[in-house]
Amino acid sequence: KAGVTQTPRYLIKTRGQQVTLSCSPISGHRSVSWYQQTPGQGLQFLFEYFSETQRNKGNFPGRFSGRQFSNSRSEMNVSTLELGDSALYLCASSTGDSQIQETQYFGPGTRLLVL
Amino acid sequence: AQKITQTQPGMFVQEKEAVTLDCTYDTSDPSYGLFWYKQPSSGEMIFLIYQGSYDQQNATEGRYSLNFQKARKSANLVISASQLGDSAMYFCAMREVKTDKLIFGTGTRLQVFP
């Protein structure tokens, strides 16, 4: 079974621009979660999508948004980029059963650099 | 508030030796799950092992085992017979039933030397 894929793998943008990242989950998985990883803040939860609806969200400004399509693929958008948005963005997929033991499987991440 | 603490920023271990990576957590929810992930320099997070709060036995997965001490709220990862390929960042994470979010610790960088 193919793993979680993320595109693009690397991205360079300038302040004020917007960016869209894509995530394709493992086949059969209906939940996609997004995380931001920075040296200073560590791994932080952005949001989770399940069946095309945002089911959970972290404490990020409204510049960070996402969506999920009917095939469970998800996109994350960051508008008006700031230097502090430079990070590794990780996507994780899971079955979406919301069982406590539900395991999230991560993609390779997208490294975003904002200049 | 939900919190995961990993107090060891870095650990060194010789190949073929065992190593313990510490993780303590804080939660008021009686139902929660604990996870360990490995992150090589490539960036991808690799799931290693899971322990549920109601599990009576410590979880094991191959060379990985979880030393779960519920009363002390600790969930230490034990890697037996370390290999050079085990060199990576290791993250402890927890999910509570009530928040349903996976919260990560700050990680421990493990370096295995020959």
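Naming: A, B, ... by sequence-line order, numbering from 1 per chain.
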Taking only distance into account, so ignoring hydrogens and angles, what donor-acceptor contacts under 3.5 Å exist between chain A and chain B?
unit_1, atom_1, unit_2, atom_2, d
A/Q37, OE1, B/Q39, NE2, 2.8
A/Q37, NE2, B/Q39, OE1, 2.9
A/N56, ND2, B/T99, O, 2.9
A/N56, ND2, B/D100, O, 3.3
A/K57, O, B/K101, NZ, 3.0
A/S98, OG, B/D100, OD2, 3.2
A/I100, O, B/R95, NH1, 3.1
A/E102, O, B/R95, NH1, 2.8
A/E102, O, B/R95, NH2, 3.1
A/Q104, N, B/Y37, OH, 3.4
A/Q104, O, B/Y37, OH, 2.7

Expected contact set for residues 69-81 of chain A against chain B at heavy-atom separation under 4.5 Å reads none
Turns out that what part of A/L88 lies under 4.5 Å from chain B's heavy atoms comes down to side chain
hydrophobic_cluster_shared for A/I26 and A/F50, side chain cutoff 4.5 Å:
no
### Query
Are A/F106 and A/L11 connected in a single hydrophobic cluster, I mean Ile/Leu/Val/Met/Phe/Trp/Tyr linked by side-chain heavy atoms less than 4.5 Å apart?
no
Discussion item. Is there a path of hydrophobic side-chain contacts, each under 4.5 Å between heavy atoms of I/L/V/M/F/W/Y residues, joining B/L21 to B/V78?
Written reply: no
| Is B/F12 atom CZ crowded by more than 12 heavy atoms from other residues, nucleotides or ligands, each under 6.0 Å away? | no
Item to check | Close side-chain approach of A/L43 to B/F91, heavy-atom, < 4.5 Å | outcome: yes
*With the 4.5 Å side-chain cut-off for hydrophobic clustering, are B/L110 and B/L84 part of the same group?*
yes
Distance col, row B/L102:CG vs A/F45:CZ, nearest 0.5 angstrom, shows 9.0 Å
Membership question, hydrophobic clusters at under 4.5 Å side-chain separation (ILVMFWY): are A/L90 and A/L46 in the same one? no
With chain B, the option among A/G109, A/G107, A/A92 that has the most non-hydrogen atom pairs under 4.5 Å is A/G107
